[in-house]
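First up is the structure itself, then whatever we jot down about it.
Quick note on labels: first sequence line is chain A, next is B, and so on, each numbered from 1.
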2 protein chains.
Amino acid sequence: MTALEPSPEATTEDNEPAAKQIPPAAVARMTLYLRALNSLLAEGVERVSSEALAEASGVSSSTLRKDLSYVGSYGTRGVGYEVQYLSRHIAAALGLTHDWKVAIVGAGNLGKALARYGGFESRGFDVVAIFDADPMVIGNEVGWLRVSDSAELERVLERTHTNMVVLALPATVAQAVCDRVIAAGIRSILSFAPVLLQVPPHVNLRKVDMATELQILAYHAQRAQTPGQAI
Amino acid sequence: MTALEPSPEATTEDNEPAAKQIPPAAVARMTLYLRALNSLLAEGVERVSSEALAEASGVSSSTLRKDLSYVGSYGTRGVGYEVQYLSRHIAAALGLTHDWKVAIVGAGNLGKALARYGGFESRGFDVVAIFDADPMVIGNEVGWLRVSDSAELERVLERTHTNMVVLALPATVAQAVCDRVIAAGIRSILSFAPVLLQVPPHVNLRKVDMATELQILAYHAQRAQTPGQAI
DNA sequence: TTTTGTGAAGTCCTTCACAGCA
DNA sequence: TGCTGTGAAGGACTTCACAAAA
């Protein structure tokens, strides 16, 4: 029991939850290990060393072993890791045994692309609804779904048991919709809106901004070409 | 060979920032400051304190001031920062004075969505081409562009002076296309393919994986709900 | 007086190196 | 013997706290 905590004492009356915090950087890399493991599994590989898995994931082997040590010791010294066994344990540690129902808010170019993207289902996320406020768009088919009216947001989120929301909205309306989604009880949000969203502490918000990514690339590119440049 | 080394001091006197290495985490935040500053500019705000800009960017004021210190000192003690002036200097530090021509490879759902997304142009990136290998897709209109044949990749990249490429491809073909793009001389790549890409050291690669983002959210969500759970 | 810019302290993450086990 | 698991060392980033400047 409580295989997730490497911490020695299973305290009786502890105010803090037992499971230890995994460093954010390690959590992000876990998803890489999972992807690499599933890829190996598809190739029929049964065992893998930390060296090989690290290379397949694009990290150093010491980083890999340290990361795995946060979730437990599932390898065999002198041998390596059993691919399927390790994959299951990482998935469990990440909470992917849970059923995740995802709703997309915004049926513009990006929202539709996300709804049609096959990569979610295969990794344990069910897209169960997509919303828009535009009467010209409401009711349209997008993949297997039909666009719901944003006015029905709360009702549909509840009916579909949605527990994750993706915001694919223009910056101008993102905060207002975000507030409604949170009021409806959602605590996990992935936003593609290029704007800072204010959320209460119990809500988990992640942001993806494509223009930001290009800007970061620009910095490195400019640096490689012209080392030293003022305005 | 590029002079990327973080050489401590220039041999001559150094009043200027002198192109020092900026920590990656700071570079990422610079894009937030830039976004916030441009937003303030649009509102007609002329001056801003580190406290206010930090709040608008979602960081602490000490982090903001430390980050700004990497690119120079553009504030006035006791007063704050002039919005436009600071915005220009950060843009220059990020290399956004350069003209960036972006090509998108893959005209599926995501590729098309990216091509039609207006947020790139407004932040200094010109989308100049979009490619696909499917004869049914080649020639179709996407936004202001027409889908080019992947077979013409090298020729079109050169003709359009592309210096950044976005890969919006399935995992299976991403590496092959990536290799071609690099052979064509591109050194800045943003990949949306859910696979580890192998690139030579002089190439700058950034990755965005939407399923990964959801998995990270899942970890935090599961943790908030059920503290301690085995497989 | 106000607010920036920055050494120094503190915290978090990565890498090292080897003990521990199969 | 070979490879994992992990304390300890080393670095990188963040926060603190205050001197410097307007």
**Message:** Please pick, from C:dT14, D:dT14, C:dT4, the nucleotide with the shortest atom-to-atom distance to any side-chain atom of B:T63.
**Reply:** D:dT14
**Prompt:** Any donor-acceptor pair under 3.5 Å between the side chain of B:R77 and the base of C:dT3?
**Reply:** no
**Item:** Minimum-distance nucleotide (side-chain atoms of B:Y81 versus C:dG5, D:dG5, C:dC16)
**Value:** C:dG5
**Item:** Interatomic distance where CG belongs to A:D67 and C1' belongs to C:dC13 [whole Å]
**Value:** 10 Å
**Request:** Check for a donor-acceptor pair, side chain of A:S57 on one end and backbone N or O of A:L53 on the other, with a separation under 3.5 Å.
**Result:** yes
**Message:** Nearest whole Å is fine: how far is D:dC16 P from B:E51 CD?
**Reply:** 12 Å
**Item:** Nearest-nucleotide pick for B:S50, side chain only, options being C:dT4, D:dT4, C:dC13
**Value:** C:dT4
**Spacing between B:Y70 atom OH and D:dA12 atom P, to the nearest angstrom** = 11 Å
**Asked** How many Å lie between NZ on B:K66 and P on C:dA8, as a whole number?
**Response** 11 Å
**Message:** If we ignore hydrogens and angles and just use 3.5 Å, is the side chain of B:Q175 paired with the main-chain N or O of B:Q198 as donor and acceptor?
**Reply:** yes
**Contact under 4.0 Å: B:R29 side-chain N or O vs D:dT14 OP1/OP2** = yes
**Message:** Measure CG/B:L64 against P/D:dC13 and give the value in whole Å, please.
**Reply:** 17 Å
**Complete:** Testing C:dT14, D:dT6, C:dT6 for proximity to the side chain of A:S69, the answer is D:dT6
**Message:** Need to verify one output field. Residue with the more 5' nearest nucleotide on DNA chain C, A:S62 or A:T76?
**Reply:** A:S62
**Message:** Students often get this wrong, so: under 4.0 angstrom with heavy atoms, is A:R47 touching a base, only sugar-phosphate, or nothing?
**Reply:** nothing
**Request:** Using ring pair (Phe, Tyr, Trp, His ring centres under 6.0 Å) as the criterion, list what pairs up with A:F192, not counting sequence neighbours.
**Result:** none
**Message:** Heavy-atom nearest nucleotide on DNA chain C for A:G78 versus A:P23: which residue maps closer to 5'?
**Reply:** A:P23
**Asked** Can you tell me how far C1' of D:dT4 sits from CG of A:L86, to the nearest Å?
**Response** 12 Å
**Residue pair A:N163 / A:S188, side-chain donor-acceptor N/O under 3.5 Å** = no
**Item:** Qualifying residue, where the test is side-chain contact (heavy atoms from CB on, under 4.5 Å) with B:I130 and the options are B:V105, B:V102, B:I104
**Value:** B:I104
**Prompt:** Rounding to a whole Å, what distance do you find between B:L68:CG and C:dT3:C1'?
**Reply:** 13 Å
**Item:** C:dT15 OP1/OP2 closer than 4.0 Å to side-chain N/O of A:S60
**Value:** yes
**Asked** On DNA chain D, nearest-nucleotide positions of B:V79 versus B:R65: which is more 5'?
**Response** B:R65
**Prompt:** Taking CD1 from B:I22 and P from D:dC13, how many angstroms apart are they, rounded to a whole number?
**Reply:** 12 Å
